[in-house]
2 protein chains.
Amino acid sequence: MTTQSIAGPFQPGHNHKACVRDAMNIAEQLCQSKDLRLTKIRKRVLELVWAGHEPATAYQLLKKLRAEKENAEPPTVYRALDFLVEHNLVHRIESLNAFIGCDHPESEHVSQFLICSHCNQVAELDDSVTINHAVSEEAKRLGFKVSNQTVEIMGLCAACQ
Amino acid sequence: MTTQSIAGPFQPGHNHKACVRDAMNIAEQLCQSKDLRLTKIRKRVLELVWAGHEPATAYQLLKKLRAEKENAEPPTVYRALDFLVEHNLVHRIESLNAFIGCDHPESEHVSQFLICSHCNQVAELDDSVTINHAVSEEAKRLGFKVSNQTVEIMGLCAACQ
DNA sequence: AAAAATTTTGTTATATTATAACATAATAAT
DNA sequence: ATTATTATGTTATAATATAACAAAATTTTT
C-alpha cells in the first residue's frame, strides 16, 4: 500500500490508480475488522465514487451502475450510499448533493472540504485542530453542544488559480 | 428599531415580533439604498421566511404564499428566494435545503450557522474571527483561494440540552 | 407622453434528488 | 433445518429545483 494519495487530489504527483487501490483496500480491511458487509453492490458503488475526485451525484452513479447491472434503481444506489456514508467510507457534500470517497474511514474524524469551482475536484482536510477547534470554541461560548459539522469551502485550488 | 434580536433565537428574552420588524425595516432600507426592488412578492416571501427561526423550505413557503395568492407556483418562490439570497436578506442552509432570514444583510459577512437538532432553530454566528480565520489559514496553507464557505454546525442549543 | 428596453411575474412543463412500501432473496444465527 | 435478520428487487411517489416562453409591469429613452 502506497501513501502517495494521502494529501488528496490537489497534488502534482497524484497517482490516482494507487489512490483508488489504497482506498478499496482500506475499505475491505475496515469492513472485515468491524464485521460489516461490503457487498458486491456496495463495493461497486464505492469504486464508482472513487472514479475521480469530483463528487458524484447519486444519479450519476446510478447511470454508471446501470451500464453493468440493468436492474439498478435509485434505491440500489441510495442504500449503498447510506451504508458507505454511515461507515465513513464516503462523505456527502451537502452543497453539491454529491458524494466523494474518504481515504481514512478507519480514523474517527471531522471533515472539512475544499471544493474547487473550476476543476470541480474536492479535497478533504484532515484538520482536527484549527477549524475544528475554532468551531468548538465558538459553540462552547454560546452553550451549544456540537454533534456534527458541515464545513465546505468553495474556491480555486492552487492549480486552477 | 430595537436591538433585542441581535444575538439570535437562542436567547431567553427573544422578542420575535421586534426581531421581524427590525429585519423588515433593515430590508426596506437596504433595498432603497441599493436601488433594489423589494417587490410585493419578494417582501412577502421575506416575511414568511421570518415567521420563525426554523429554516423554511421553498415548498413550505409556497404553501403559505398560496394561501393568500392562489396562482403562486414554485418559480414564484424560487425567484423571490434567489433575489433574497443574492442580496443577503436570506441565507440558504445547505444541509437542510432551507432558508432563514439574515438580520444584518447590510454588512458584508461570512456566515456560520448553529442548527439545533431538537428545536430546529438556527442561529447565525457573526464570527469574522475565530472560525473564519481558521478556515482562511488552512486554505492558505494549501494554496487554495477561498471564495465562499458553508459552515453548518449541528447539535443542541443551550435550552434543549 | 409615447416608444423602446428592461425587469418581473405568470404559466406550463419537466428535471433532479430522494424515499416509502412491500416483495423476494441471501446471509447469519439458532 | 429452521428462524431471524439483513440486503436487494421493484414499483410508485415525494420533495426539491429549473427551463422556457408568454404576459405584465416598470424604467429608460426619445
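We name chains A, B, ... by the order of the sequence lines, and we start the count at 1 in each one. All heavy atoms count here, side chains included; hydrogens, waters and symmetry mates do not.
- Residue-level contact check: B/Arg79 touches the bases, meaning some heavy atom is under 4.0 Å from a base atom.
- Residues B/Asn97 and B/Ile41 both approach DNA chain C. Their nearest nucleotides, taken by heavy-atom distance, put B/Ile41 toward the 5′ side.
- Rounded to a whole Å, the CG atom of A/Leu36 is 17 Å from the P atom of C/dT27.
- Note: A/Phe113 and A/His91 meet the aromatic proximity criterion, with ring centroids under 6.0 Å apart.
- Nearest to the side chain of A/Pro74, among D/dG9, D/dT16, C/dA18, sits C/dA18.
- Taking the charged nitrogens against the carboxylate oxygens, B/Arg66 and B/Glu73 do have a contact shorter than 4.0 Å, which makes a salt bridge.
- Rounded to whole angstrom, the span from the CG atom of B/Asp35 across to the P atom of D/dT27 amounts to 9 Å.
- Atom pair B/Arg66:CZ and C/dT9:C1' shows a separation of 15 Å (rounding to whole Å applied).
- Residue side chain B/Tyr59 reaches the base of D/dA17 through a donor-acceptor N/O pair under 3.5 Å, judged by distance alone.
- B/Lys69 comes within 4.0 angstrom of sugar-phosphate atoms only, judged by non-hydrogen atoms across all strands, and of no base.
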| query | Is there a salt bridge (Lys or Arg N to Asp or Glu O under 4.0 Å) between B/Glu28 and B/Lys43 once you walk through the steps? | reply | CA-CA 9 Å; B/Glu28 299 265 26; B/Lys43 187 176 172 186; 2.9 Å; yes

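- Looking at heavy-atom distances under 4.0 Å, B/Arg92 makes contact with sugar-phosphate atoms alone, never a base.
- At whole-Å resolution of the value, CZ in A/Arg37 and P in D/dT5 are 13 Å apart.
- Whole-Å rounding puts the A/Asp82 CG to C/dA18 P distance at 10 Å.
- Nucleotide C/dA23 holds its C1' atom 14 Å from the CG atom of A/Asn71, rounded to whole Å.
- Between B/Glu94 and B/Arg92, at least one side-chain N (NZ, or NE/NH1/NH2) sits under 4.0 Å from a carboxylate O, which counts as a salt bridge.
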| Could you walk me through whether A/Lys69 and A/Asn71 pass the side chain to side chain donor-acceptor pair (under 3.5 Å) check? | CA-CA 6 Å; A/Lys69 181 175 163 51; A/Asn71 69 336; 3.2 Å; yes

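- Atom OH in B/Tyr78 sits about 8 Å away from atom C1' in D/dA15, given to the nearest Å.
- Checking D/dT11, C/dT11, C/dT8 against the side-chain heavy atoms of B/Thr39 singles out C/dT8 as nearest.
- Rounded to whole angstrom, the span from the CG atom of B/Leu38 across to the C1' atom of D/dA25 amounts to 16 Å.
- With DNA chain D read from its 5' end, the first of the two nearest nucleotides for A/Pro75 and B/Phe99 is the one closest to A/Pro75.
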